[in-house]
Q: 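Sharing a structure below in structure tokens format, with a few things to ask.
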Amino acid sequence: MRSFVEIQALKDLVGQEVWLRGWVRAIRSSGKIRFVELRDGTGSCQCIVEAGEPEAFAALEGCGQESSVCLGGVVREEPRSPGGVELAVSAAEVVQAGEEFPIARKEHGIEFLMQHRHLWLRSPRQTAILKIRHRIIQAARDFFDQQGFTLIDTPIFQPGAAEGAGTLFEVDYFGNPAFLAQTGQLYLETAAMALGKVYCFGPTFRAEKSKTRRHLTEFWMIEPEVAFYELKDLEGLSEAFICHLVQAVLTHNRAELEALGRDCAALEAVGMPFPRMTYSEAVGMLHDPELHGKLEAELAAEQERYAKLQKRIEEMDAELAGLMKAWKREKLTKEQQALREEAGDLERWLRNQPGHIEDAKRFRWGDDFGGDEETILSRQFDRPLIITEYPREVKAFYMKRNDADPRTVLNLDVLAPEGYGEIIGGSQREDSLEALQARMAEEGMDPAPYEWYLDLRRFGSVPHGGFGLGIERTVSWICGLKHIRETIPFPRMMGRMAP
Ligand code: 4AD
Ligand code: MG
């Protein structure tokens with residue numbers, strides 16, 4: 001009987017005979033020895049097959065990247081190997097000798113990788129992201145479960161819009177139109193009136209017709225909703241919630257963060273309290289000459305960094321021309337490629353930033369913040385920023401009017417730092433029947449499909465509120481990614497439906 005173990009358990013099994021099963025990340029032979037880098041989803045391990053084990057050595061002949069194999073042998077300490085151990089192989093069995101794997105070690109363009117997403121998922125970078133995504137989702141559920149919230153599953157086929165008709169996906173529901181859920185919120189409010197503290201977690205859909213690094217057409221949202229909660233309570237809940245998520249990842253996923261090259265110090269800085277400001281104060285900040293001075297100085301510093309990067313890239317060209325050894329050339333070429341990418345991103349930023357600074361100066365009270373304003377605002381803080389009380393014209397019909405300033409509503413957006421922008425949107429809900437009906441009329445909404453929702457304001461209405469946190473935006477920020485497309489196994493965006 002073979003006793004199979006997981007690679008993550010090997011460090012405690014030094015000296016023992018075990019079997020591993022998994023996939024060949026890389027294999028190289030040098031004379032009488034084969035080095036197999038085996039991965040099994042729990043980690044990767046160097047496995048040494050010597051010609052002195054002729055059967056095992058021969059079994060692996062012609063076995064290439066991503067072939068599936070079982071390897072048996074003794075676990076040895078090896079400080080130079082990533083996990084501190086390696087396997088001295090004495091038996092090998094190829095489960096399937098894979099065809100030539102399309103994703104080789106050389107660089108591929110993003111389009112190629114997206115077309116091969118089903119295979120790309122096996123890369124160390126993608127598995128690190130998937131593990132952090134899992135952690136965030138698990139921590140999110142734990143947070144609400146521990147605080148006595150009840151999970152409510154809200155419908156995906158819905159009769160109407162909750163977040164604006166412009167981004168609805170319409171489907172044919174037995175001859176009648178139905179729409180894919182943009183949010184579970186309206187249904188969740190009904191459950192909050194039944195249970196007090198509830199949350200929903202599921203896929204949501206928005207026909208976003210823009211290609212940005214922050215928008216998907218299918219994304220996952222976790223939404224709490226609480227009876228008797230007011231805006232201040234939501235601010236506190238959102239802050240405790242985000243800290244819990246960041247802590248969970250820092251505690252359990254250091255290795256994955258490091259694999260992604262994430263600056264952990266930036267995540268460690270995320271603690272309570274978060275800075276808070278109203279929308280009007282945020283507009284004031286965008287107009288503040290002190291901010292403009294800071295942005296201009298940053299622009300100058302980045303210009304200098306760009307010049308240095310360019311110079312280093314040119315130096316590397318000269319070094320490459322003189323290098324003979326293939327492995328040295330390969331290493332330097334890779335480094336140069338990474339610098340080129342960094343320089344390319346920086347060049348784009350330098351080109352756009354002067355325009356963003358001008359836009360900030362000219363921003364008009366009453367407009368919604370776009371990605372560019374959010375980026376500027378959230379880069380000014382080392383932790384998430386809570387912005388409250390936006391103009392009611394740019395916000396959803398269900399948000400409660402702010403009696404202190406009726407031009408605004410009692411809502412909050414939470415912007416992730418380092419320029420990531422909005423990860424949470426929420427509000428206190430309009431709990432007055434008359435005010436809600438008036439607002440719906442103003443928006444030209446037919447009240448008929450919403451009568452059930454209006455009933456909540458007829459039968460024991462109470463102040464209440466909640467918010468939604470976008471899982472993919474949060475993964476993007478915590479992992480430090482440049483684009484949302486890597487945060488979900490199979491991203492759906494405008495122009496991408498396959499695989
Ligand atoms: O701000 P939003 O639209 O709020 C709602 O849907 C409320 N009904 C939630 C509530 O109060 N219960 O969306 C909430 C969050 C955003 O902050 C963002 O993180 C994410 O959902 N989100 C998206 N993520 C990826 N792609 C998109 N197209 C997204 N649209 C929103
Ligand atoms: Mg929003």
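For ligands, and for the atoms within them, numbers begin at 1 and follow the listed sequence.
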Q: Would you say the rings of W452 and Y187 are close, in the sense that their centroids are separated by under 6.0 Å?
A: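 Yes, the ring of Y187 comes within the 6.0 Å limit of the ring of W452, centre to centre.
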
Q: Any idea which protein heavy atom is nearest atom 16 (C) of ligand 1, and the distance to it?
A: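 Answer for atom 16 (C) of ligand 1: E422 OE2, 3.2 Å.
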
Q: Under a heavy-atom criterion of less than 4.0 Å, does M399 contact ligand 1?
A: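 M399 does not count as a contact of ligand 1 under the 4.0 Å cut-off.
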
Q: Would you please determine whether R214 falls within less than 4.0 Å of ligand 1 on a heavy-atom basis?
A: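 In this structure, R214 qualifies as a contact of ligand 1 - some heavy atom is under 4.0 Å.
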
Q: With backbone taken as N, CA, C and O and side chain as the heavy atoms from C-beta onward, which portion of I424 lies under 4.0 Å from ligand 1: side chain, backbone, both, or neither?
A: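 The answer is the backbone of I424.
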
Q: Does R429 approach ligand 1 within less than 4.0 angstrom via side chain, backbone, both or neither, non-hydrogen atoms only?
A: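 It is the side chain that gets close, since no backbone atom is under 4.0 Å.
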
Q: Check W477 against ligand 1 and report side chain, backbone, both or neither, counting heavy atoms closer than 4.0 Å.
A: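 No part of W477 comes within reach of ligand 1.
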
Q: Any nitrogen or oxygen of H215, main chain or side chain, under 3.5 Å from a nitrogen or oxygen of ligand 1?
A: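 H215 vs ligand 1: no N/O contact under 3.5 Å.
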
Q: Using distance alone, determine whether S427 and ligand 1 share an N or O pair under 3.5 Å.
A: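 Looking only at distances, the answer is no, because the N/O contact criterion of under 3.5 Å is not met.
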
Q: Just to confirm my output: which protein heavy-atom neighbour is closest to atom 31 (C) of ligand 1, and how far is it?
A: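 Looking at atom 31 (C) of ligand 1, the protein heavy atom closest to it is F219 CZ, 3.5 Å.
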
Q: In terms of residue, atom name and distance, what is the protein heavy atom nearest to atom 3 (O) of ligand 1?
A: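 Its nearest protein heavy-atom neighbour is R206 NH1, 2.9 Å.
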
Q: Between Y279 and W365, what is the ring plane arrangement, given parallel below 30°, perpendicular above 60°, and tilted in between?
A: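 Y279 vs W365 ring planes: perpendicular.
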
Q: Are any of the N or O atoms of E225 closer than 3.5 Å to those of ligand 1?
A: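 Min N/O separation from ligand 1 is not below 3.5 Å for E225.
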
Q: Judging by distance only, is a nitrogen or oxygen of T183 under 3.5 angstrom from one on ligand 1?
A: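 Min N/O separation from ligand 1 is below 3.5 Å for T183.
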
Q: Does any N or O of ligand 1 fall below 3.5 Å from an N or O anywhere on G470, backbone included?
A: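 Min N/O separation from ligand 1 is below 3.5 Å for G470.
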
Q: Would you say E422 reaches the Mg ion (ligand 2) with an N/O/S atom under 2.8 Å?
A: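 True for E422.
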
Q: Is there at least one pair of N or O atoms, one from L216 and one from ligand 1, spaced under 3.5 Å apart?
A: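 Such a contact does occur with ligand 1.
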
Q: Using a heavy-atom cut-off of under 4.0 Å, does the side chain or the backbone of R473 touch ligand 1, or both, or neither?
A: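 For R473, the contact with ligand 1 is made by the side chain alone.
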
Q: Under 4.0 Å, heavy-atom basis, I'd like to know which part of E472 is in contact with ligand 1: side chain, backbone, both or neither.
A: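 Contact part for E472 vs ligand 1: neither.
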
Q: L469 versus ligand 1: do any nitrogen or oxygen atoms come within less than 3.5 Å of each other?
A: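 Min N/O separation from ligand 1 is not below 3.5 Å for L469.
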
Q: If you take the centroid of each ring, where Trp contributes its six-membered ring, are F363 and F369 closer together than 6.0 Å?
A: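 That pair passes the under 6.0 Å test.
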
